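Every number for a ligand or one of its atoms is a count from 1 in the order of the listing. As the structure is a prediction and not an experimental result, all values here were calculated from the model.
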Amino acid sequence: MTAKSIIRIDSAPPRHWVGDGFHVHGMFSYNQDAHLYSPFLMLDYGAPYVCEPRDVANGATPRGVGSHPHRGFETVTIAYSGEVAHRDSSGGGGIIGVGDVQWMTAGSGLVHDEFHSKAFSKSGGIMHMVQLWVNLPAKDKMTKPGYQAITQAAIPQTMLDGASVRVIAGSHNAHDVQAKGAAKTFTPMNVWDVRIKAGQTMSLPQPDGWTTLLLVQSGKIAVNDSNEVGAAQLVMLSRSGTDVSITASQDTQLLLLAGEPIDEPVVGYGPFVMNTEQEIRQAFVDFNAGKFGQINE
Ligand code: MN
């Protein structure tokens with residue numbers, strides 16, 4: 001086996017607000033170097049921040065993002081702290097809390113909103129979340145919208161000497177423990193929530209040819225022969241090779257994203273990501289004609 005080499009290490013850019021609810025670092029987006037990140041389109045990292053309580057019982061509105069459309073891909077929201085409530089026009093929705101994941105397939109198109117839950121709005125506290133956009137291959141872009149509500153308890157976990165891998169999607173084999181991810185995906189990928197203790201080294205091999213990314217959320221690690229990588233940094237590894245060896249010098253939490261690239265053109269405009277300009281124009285026509293449906297109040 002050969003090691004995947006480090007292609008680049010990017011520090012988080014300054015945060016921006018998504019609506020008034022999500023204060024995120026845009027770690028990458030399909031607007032730049034889309035082919036390098038495929039099958040992933042976008043990663044917004046909501047590093048921990050304190051939200052003041054809101055008096056929702058007396059008419060204050062929860063923070064968040066109001067109704068907006070998507071077509072042609074999937075949105076994956078992972079909550080580490082705080083609670084996110086979601087509703088969409090295909091009837092999907094629910095509240096995800098600590099450790100939970102919502103995996104929404106926009107497919108042919110839907111409208112949704114994303115807010116802090118009422119309970120979290122009322123209590124306030126630390127919001128810490130990730131939103132990942134996963135592309136769909138051309139043949140599945142117009143698939144029926146879908147929604148997977150994945151609770152913490154449904155996410156398999158492998159443990160080794162105090163280090164853990166929560167397998168949100170894909171599969172992980174370690175020391176005769178095999179874990180298969182909770183999420184159903186359209187193309188092969190691994191989405192793992194990884195925790196490593198200071199002083200530990202962990203091997204997390206990924207298939208040759210796959211895009212491989214590590215978002216360090218807290219702590220400090222070296223990856224293969226890299227210098228140290230710290231909180232809110234994103235490591236891109238080469239597609240060639242398989243070995244990924246992580247040594248933690250502090251207790252570390254990271255998100256591993258690896259996937260088989262989708263070798264197709266990416267043409268997007270905001271919340272629509274398709275393969276051609278014509279398909280983007282059609283998305284606007286269909287959305288304006290009301291074909292994405294509406295959220296039932
Ligand atoms: Mn959205």
Between CG of Asp113 and CZ of Arg87, what distance do you get to the nearest 0.5 Å?
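Rounded to the nearest 0.5 Å, the CG-CZ separation comes to 4.0 Å.
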Hey, what do you get for NE2 (His172) to NZ (Lys180), rounding to the nearest 0.5 Å?
14.5 Å
List the steps, then state whether salt bridge (charged side-chain N to carboxylate O under 4.0 Å, His left out) holds for Lys197 with Asp251.
CA-CA 4 Å; Lys197 294 222 184 302; Asp251 288 357; 5.1 Å; no
Angle at the Mn ion (ligand 1): provide the value between NE2 of His68 and NE2 of His70, rounding to 10 degrees.
100°
What is the ring orientation for Phe22 with His116, classed by angle as parallel under 30°, tilted 30 to 60°, or perpendicular over 60°?
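Answer is perpendicular, since the angle exceeds 60°.
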Please find the N/O/S atom of His112 nearest to the Mn ion (ligand 1) and write down its name.
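So the atom name we want here is NE2.
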Considering just N/O/S atoms, say which atom of Glu114 is closest to the Mn ion (ligand 1).
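Of all N, O or S atoms in Glu114, the Mn ion (ligand 1) lies closest to OE2.
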